[in-house]
Number of protein chains: 2
Amino acid sequence: MISGGEFDPDIATWKQLAERLRLAIRSGELPPGQRFPSELSLVQQYDLSRITVRRALAQLRNEGLIVVAKSRGTFVADQQERTTVTLSKGDQVQTRMPDPEERRRYQLNEGEPLVLVTRADGTTEGYGAHRVTLVGG
Amino acid sequence: MISGGEFDPDIATWKQLAERLRLAIRSGELPPGQRFPSELSLVQQYDLSRITVRRALAQLRNEGLIVVAKSRGTFVADQQERTTVTLSKGDQVQTRMPDPEERRRYQLNEGEPLVLVTRADGTTEGYGAHRVTLVGG
DNA sequence: CACGATTTGTTCGTATGTATT
DNA sequence: GAATACATACGAACAAATCGT
């Protein structure tokens, strides 16, 4: 049920909704892997437009807190599965949102930032930001 | 004038528009610092709704290619100087879009991914993804 | 297998607010 | 004050993919 209450008219509604849902996830009220409320149910529960709801969900998706699957639904992200990438001397990393070609090449989720590793030997590797942890070494 | 032509109905229009604008920036047709076409002018030029135009601009902003200044306009991003951060043994890095509090704390631009560095001693540092390069060492 | 219900993706229109020029 | 420009938010519609019956 996530909890209700009115929205502060001085703050964008989608930001407030995102914050409530974010807290519900972090508190464990919505456990990883669990089905997330559908857009329609959130629209009805909070009496908001779908635009506003989708804006909030897009934010949580970008934060890696939820995973959205077209026609299947939305789910709380499983934070456990991260690849560890070791950064050695001479390696460089830059991060940004990918363009469509990079999204295909590195199989990134919608809204997922790209982590681009350029090794000392000139080769490059790309990772989805929500699936990788960089470590020095 | 960026160049025109029709849109492929099989691909989301906002993605195609983003791609055209992206190429215009990368080719140098729209130099860094230069005023970017306003939302309205893009709406008129391509005969699209404002929603579609805004979706494309949001994508470019997330990629760090443009900077949107509220009520002032949109501009091609400057090649910003990147801070070099060295990652030593025991340091860890995770990247994602920030929540609002992280955006304030680390002074991130709208749509800019967060690079969170956790040092071996437990301290943390945050950087805007468009302004930092990580290096191993 | 077929069909309808569900759910997310995209797109249009319209309106109001706020900040800058 | 007027014009410009971005932010937010409402409604509506259709497409596409999935799922249960």
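Treat the numbers as computed from the prediction; the structure is a model and nothing was measured.
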Between the CG atom in L60(B) and the OG1 atom in T74(B), the distance rounded to the nearest 0.5 Å is 10.0 Å
Practice item. Hey, could you give me the CD/CE distance between E112(B) and M97(B), rounded to the nearest 0.5 Å? Key: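 The CD atom of E112(B) sits 8.5 Å away from the CE atom of M97(B).
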Write down the distance between [atom1] ([X]) and [atom2] ([N]), rounded to a whole number of angstrom.
X: R50(B); N: dT16(C); atom1: CZ; atom2: P; value: 14 Å
X: E39(A); N: dA5(C); atom1: CD; atom2: P; value: 20 Å
X: L40(A); N: dG9(C); atom1: CG; atom2: P; value: 14 Å

Side chain to side chain contact (heavy atoms under 4.5 Å, CB included) with L42(A): of L48(A), D47(A), L57(A), only one passes, and it is L57(A)
Less than 4.0 angstrom from a charged side-chain N to a carboxylate O is my criterion; do [X] and [Y] meet it?
X: E19(B); Y: R103(A); value: no
X: R22(A); Y: E101(B); value: no
X: E110(A); Y: R61(A); value: no

Which pairs, protein N/O on one side and nucleotides 18-20 of chain C N/O on the other, fall under 3.5 Å?
residue	atom	partner	partner atom	Å
dA19(C)	O4'	S71(B)	OG	3.4
dA19(C)	N3	S71(B)	OG	3.1

Outermost contacting nts on DNA chain D, any atom under 4.0 Å from chain A heavy atoms, listed 5' then 3', are dT8(D) to dC19(D)
Residues of residues 51-67 of chain A with a heavy atom under 4.0 Å from any atom of DNA chain C, listed by number, are R54(A), R61(A)
Discussion item. If you count heavy atoms of other groups shown closer than 6.0 angstrom to CD of E125(B), is the number above 12?
Written reply: yes
